[in-house]
**Student:** 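Okay, here's the structure, questions in a sec.
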Amino acid sequence: MKKNILFLTIVIIISSFYFSFKNFNNISTNVIYQYGDILEENNMEIKGIQVKRNINEINSFDFHKNFNELLIKNNLNTFKVVYGYSEELQTSTVELYVSTNDKYLSKYILLDKGNLDLVSDNVYSTNNKLRNLRIANFFDDSYISVTSIINDNDNGGMYNITSLKGDFEQNFNNFILDLKNIYPSIDYSLMYNENFIETNETKFKMIDYKEFFGNKKIKILIPIILIFLLCSKIFELTKKISVMKIEGYSSLKIYWNLFFKNFILYSTIVSSIIILLLYFYYLGNLRTFKYISICFILQFLQLFLLQIITSIIIYLIIKTIPIKTYLKGKTNLKEVFSIAFVSKVVIGFIIIPMIIPTFINIKNLYQISTRNKKVQEKLENIYFFGTQLYSNYFEDIGSDNFIALHDYLSENNELKSLSLGYYFEGSEVDFNKKIYFIDKNALFLENLVKKEEFKENEIYIFIKENSMNEEEIEFYKNHSLSYLTETTNVNIISINKKIETLNPKEILYNDYIEDSVPIFYIPDEKGLEGQIVEKTFYYKSTNDINSQKYINEIFKSFGYTPTFRIEHLKNLYNNYYNFYYNEFSKSIIILGLIIITYYLSCNLMVDTDIALNRKKYFILNVEGFIPITFIEYFIKILSPIVIGYILNLFIYHSFSINELIIFLAFFTIFELIMFLQFYLKYTKVR
């Protein structure tokens with residue numbers, strides 16, 4: 001029994017550690033994502049200046065060294081956050097640059113070892129192999145880094161300026177004058193950073209305790225499974241329990257001696273060993289040790305308390321084992337059988353609504369996993385215009401030059417928009433009515449309309465042949481007009497070809513737009529022509545830096561400063577892929593754990609039934625009769641799932657014929673396998 005309790009404790013500890021990883025990683029990285037809130041809490045006013053990238057010809061090191069020195073001279077400091085994607089690491093990146101006189105970051109940043117040194121050339125990151133340069137985290141694939149602003153190799157972008165002491169406005173104005181004296185051509189705009197609005201209402205917290213209560217279903221199932229496993233061992237100790245009762249032990253004291261005392265002891269010892277190991281691992285940074293310990297302890301306490309609650313089943317089993325009758329070879333475990341019966345009803349009730357969605361998730365998981373390599377290759381050279389940078393481009397919207405830039409990219413880089421939308425009924429979204437929006441260039445690339453026949457100021461709706469009736473077509477025709485302020489002609493065109501999609505969410509499952517989805521071409525409003533926001537383009541290089549330089553040069557050739565931060569479409573796709581992969585996997589794991597719990601509740605029913613009727617089954621085996629017929633097994637062991645199904649019908653009212661067939665097929669196969677296994681257990685009763 002002690003070995004089993006030790007195993008149970010180790011599983012609880014490992015599970016606690018697993019759940020604490022995400023909490024700890026959030027604590028470690030939130031400092032970087034929310035650094036502005038930390039400064040606001042310390043009563044530091046923040047101004048953002050968006051520096052145009054017309055100074056990129058200047059050496060980055062020299063520029064940022066001078067930038068940093070002028071900040072120090074004027075009692076200011078800065079931080080700059082850069083979001084991106086690393087082709088080498090195949091993950092999103094977040095880089096935080098701060099001035100060397102920063103006095104708050106070192107108090108919050110969690111490192112594996114040592115302290116933050118912003119004066120040096122050190123780059124602290126989540127994947128650094130050197131522990132004194134590694135931002136503390138566990139199994140986190142994302143790349144997050146912190147370093148001095150001097151190491152920034154991009155002269156432009158958003159710099160958040162704060163004051164250390166003195167009058168902020170005066171310090172800031174002096175800083176700008178000093179900077180212009182060194183770099184007369186520098187161009188910037190003052191930005192009010194919306195991230196810092198009303199930060200007093202949402203204070204920065206190193207620990208958000210709400211995050212510790214996630215994964216509720218899994219946390220509840222783990223103790224239930226473990227306690228059901230332990231219940232089968234209790235039946236091996238029934239004689240010992242009966243003798244202890246004769247000796248005057250109460251059921252509560254037996255429960256204490258057999259389970260509770262050992263569970264408390266092993267939990268204390270094993271958790272203390274873990275905390276001690278963490279202490280020595282983070283000996284160079286006790287602040288980091290404090291937070292990982294808090295994460296581990298809070299997760300452990302949840303599972304520990306849930307395990308104590310579920311262990312009441314063990315106490316009830318002990319309580320139902322009688323003193324006298326067991327010594328004569330009899331038991332009285334009807335209460336335990338009732339508990340197992342009710343458990344199976346409840347678990348069966350929970351399983352039934354989960355089967356269809358989980359089967360769909362298994363199919364979806366298989367689909368996105370098998371397609372992943374193919375999609376990665378398809379998106380290899382596809383980029384999109386992401387973050388908008390300060391530029392006179394946006395002030396030139398709708399001009400001939402603005403449109404000419406759009407047309408240049410359309411002709412040379414397959415600029416196009418293929419975006420997914422949904423029909424709105426007032427303010428409500430109808431997710432059953434998908435709509436694809438396609439731009440002029442995509443029309444020609446997909447050969448949906450001939451250039452000489454195309455009327456740019458009219459609406460086009462492309463519908464797959466025989467996919468809609470007249471009423472549906474009329475509905476979308478009227479709906480398309482709501483996108484424009486002026487009425488125009490609507491062209492309904494029937495197509496019999498598949499159109500490729502680049503929507504990062506849709507491409508998880510399909511290469512093409514669904515046949516039943518209408519494709520809209522809506523002309524730009526007058527004065528807004530030529531926009532490229534969120535459109536995709538093709539570029540032969542797979543290197544983000546090269547594609548950014550290429551786009552910057554194009555904008556420069558049209559008289560604009562760099563206008564967008566270019567992002568790989570694979571970045572967006574991978575975000576969707578990772579999210580849905582985790583969600584599908586999680587639902588499958590939860591169903592798997594529930595099925596294990598269901599099996600163990602059934603096993604407990606069988607063990608209890610055998611304990612109650614051991615003599616009867618023994619005699620039947622000796623005389624050569626079948627110990628239990630399928631009818632008896634159905635009434636005793638299978639009836640809970642029937643009750644669970646009836647309860648589902650009562651609450652959810654109805655299931656479709658297909659759902660009913662799937663339920664019956666699943667439980668017939670599953671229960672038949674269990675019957676064969678448990679039948680062998682009945683035939684071995686001695």
**Student:** Could you pull out all residues at least two apart from Asn23 that satisfy side-chain hydrogen bond (donor to acceptor under 3.5 Å, both in side chains)?
**Tutor:** Gln299
**Student:** Among all residues two or more places apart in sequence or in another chain, which pass the side-chain contact (heavy atoms from CB on, under 4.5 Å) test with Ser369?
**Tutor:** Leu365, Tyr577, Tyr581
**Student:** If the condition is side-chain contact (heavy atoms from CB on, under 4.5 Å), which residues does Ser125 pass it with, not counting sequence neighbours?
**Tutor:** Asn127, Asn128, Tyr143, Ser145
**Student:** For Asn582, what residues pass the side-chain hydrogen bond (donor to acceptor under 3.5 Å, both in side chains) criterion, not counting sequence neighbours?
**Tutor:** none
**Student:** For Asp396, give me all partners under side-chain hydrogen bond (donor to acceptor under 3.5 Å, both in side chains), at least two apart in sequence or on another chain.
**Tutor:** Ser399, Tyr560
**Student:** Excluding sequence neighbours, so at least two apart, what forms salt bridge (Lys or Arg N to Asp or Glu O under 4.0 Å) with Lys498?
**Tutor:** Asp515
**Student:** Name all residues meeting the ring-ring contact (aromatic ring centres under 6.0 Å, His included) criterion together with Phe385; count only those two or more places apart in sequence or in a different chain, and write none if there are none.
**Tutor:** Phe537, Phe564
**Student:** The criterion is side-chain hydrogen bond (donor to acceptor under 3.5 Å, both in side chains); which residues satisfy it with Glu525, sequence neighbours excluded?
**Tutor:** Thr485
**Student:** For Glu456, which residues count as a salt bridge (Lys or Arg N to Asp or Glu O under 4.0 Å) partner, sequence neighbours excluded?
**Tutor:** Lys440
**Student:** According to side-chain contact (heavy atoms from CB on, under 4.5 Å), who are the partners of Val517, at least two apart in sequence or on a separate chain?
**Tutor:** Lys434, Tyr436, Ile513, Glu514
**Student:** Excluding sequence neighbours, so at least two apart, what forms salt bridge (Lys or Arg N to Asp or Glu O under 4.0 Å) with Lys22?
**Tutor:** none
**Student:** State whether the number of non-hydrogen atoms from other residues, nucleotides or ligands found under 6.0 Å of Glu470 atom CD is greater than 12.
**Tutor:** no
**Student:** I'd like to check the side-chain contact (heavy atoms from CB on, under 4.5 Å) partners of Asn469; sequence neighbours left out, ordered by chain and number.
**Tutor:** Glu471, Glu472
